[in-house]
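Note sheet for the following structure.
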Protein chains: 2
Amino acid sequence: MYSRELLKGILKPIILKLLSDQSRMYGYEIVQEVKRLSGDKILIKEGSLYPTLHALAAEGYLSTESVMIGKRTRKYYKLTSDGKGQVQPALTELLDFAETLQVLFGPKLSTT
Amino acid sequence: MYSRELLKGILKPIILKLLSDQSRMYGYEIVQEVKRLSGDKILIKEGSLYPTLHALAAEGYLSTESVMIGKRTRKYYKLTSDGKGQVQPALTELLDFAETLQVLFGPKLSTT
DNA sequence: TATTGATACATCGTATTATGATGTATAGAT
DNA sequence: ATCTATACATCATAATACGATGTATCAATA
């Protein structure tokens, strides 16, 4: 796991990205998928995930659909068209940010 | 500039990295250097920088040296030996984090 | 059959941290 | 004179991930 603060600002983009790849996912599934994709390095906590999903829905970026699996409820989320419009800018920013981190923290270049 | 929250968790590591490359720097200089290295994408604000420098000093990772430049004070910071020990782990974490971001936000790979 | 771990949702208070606002002051340029 | 850059500082605020807590189903296993 990365230090807690490092994860700030990436949760909403992660959700947007996953839902642009998979069309619909439910909360627990998102946690597992991020865990898998990150090689167990990003473990989203329930206390972070559910409020964030609700926030994205309240912002109009996600719609929901509840499905009963046996006696258990499963709540699927998918991107609204507004939500789809958020994906590309978020990806661009995050990938750019990742590159900047590599410049900043990578080996020092000649002092030119 | 990146969204505000994205920068959380990177300020202390940035300072540690810069001071491991340059042996001593003062606050204003750090701001300029980060601006330069990031291609104007990371503009550290004074309200962030000075409290963070003080925090790192209080944690024992930085020592200070005040120099008068004309009538103006300039406060140099350098790594203590404790501080030097913080650099490598911070670099490792941040570079690893950057790679993870690229996996998460990069193009979707085959679903295997 | 009792217990544990995984699945699956939710809320709320807390901690952390970058920033805006504000303040002080020197110095060069227009 | 006025504006911009240099150079330090503090404090209240906002944003957000998380721990703690709660409810409940279901499969495995001791």
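Protein chains get the first letters and strands the later ones, always in sequence-line order, with residue 1 at the start of each.
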Could you tell me the separation between the CD atom of A:Glu29 and the P atom of C:dA6, rounded to a whole number of Å?
18 Å
For nucleotides 15-24 of chain D, 5' to 3', base contacts (B), sugar-phosphate-only contacts (S) and non-contacts (-) with protein non-hydrogen atoms under 4.0 Å give BBBBB-----
Could you tell me which residues satisfy ring-ring contact (aromatic ring centres under 6.0 Å, His included) with A:Tyr77, sequence neighbours excluded, listed by chain and number?
none
Considering residues at least two apart in sequence or located in another chain, which fulfil the salt bridge (Lys or Arg N to Asp or Glu O under 4.0 Å) criterion with A:Glu46?
none
Side chain to side chain donor-acceptor pair (under 3.5 Å) with B:Glu29: which residues, sequence neighbours excluded?
none
Please write out each protein N/O paired with an N/O of nucleotides 2-4 of chain C under 3.5 Å, distance rounded to 0.1 Å.
none

Kindly write out the residues that satisfy side chain to side chain donor-acceptor pair (under 3.5 Å) with A:Asp21, not counting sequence neighbours, or none if the list is empty.
A:Lys17
Mark yes or no for whether A:Lys45, through its side chain, and A:Leu43, through its backbone, hold a donor-acceptor pair below 3.5 Å.
yes
Starting at CE of B:Met68 and ending at C1' of D:dC8, how long is that distance when rounded to a whole Å?
11 Å
With sequence neighbours excluded, what pairs up with B:Glu99 under the side chain to side chain donor-acceptor pair (under 3.5 Å) test?
none
From OH of B:Tyr76 across to C1' of D:dC8 the rounded distance in Å is 14 Å
Listed nucleotide nearest any side-chain atom of A:Tyr77, set D:dT10, C:dA8, C:dA10
C:dA10
Whole Å only: how far is the CG atom of B:Leu53 from the C1' atom of D:dA7?
12 Å
Specify the residues of residues 55-65 of chain B, ordered by number, for which at least one heavy atom lies under 4.0 angstrom from an atom of DNA chain D.
none
What integer distance in Å separates A:Gln32:CD from C:dC9:P?
11 Å
Partners passing salt bridge (Lys or Arg N to Asp or Glu O under 4.0 Å) against B:Lys35 (at least two apart in sequence or in another chain):
B:Asp40
Not counting sequence neighbours, which residues clear side chain to side chain donor-acceptor pair (under 3.5 Å) with B:Ser63? List them please.
none
Phosphate OP1/OP2 of C:dA10: any A:Tyr50 side-chain N/O under 4.0 Å
no
Presence of A:Tyr26 side-chain N/O under 4.0 Å of C:dC9 phosphate oxygens OP1/OP2
no
Once side-chain contact (heavy atoms from CB on, under 4.5 Å) is applied, do any residues pair with A:Ser66, and if so which ones, sequence neighbours excluded?
A:Thr73, A:Lys75
Less than 4.0 angstrom from a charged side-chain N to a carboxylate O is my criterion; do A:Glu65 and A:Arg24 meet it?
yes
State whether A:His54 places a side-chain N or O below 4.0 Å from either non-bridging phosphate oxygen (OP1 or OP2) of C:dT11.
yes
Donor-acceptor contacts, no H, no angles, side chain residues 2-9 of chain A, under 3.5 Å, sequence neighbours left out:
unit_1	atom_1	unit_2	atom_2	d
A:Tyr2	OH	B:Asp96	O	3.4
A:Tyr2	OH	B:Asp96	OD1	2.4
A:Tyr2	OH	B:Thr100	OG1	2.5
A:Glu5	OE1	A:Lys8	NZ	3.3

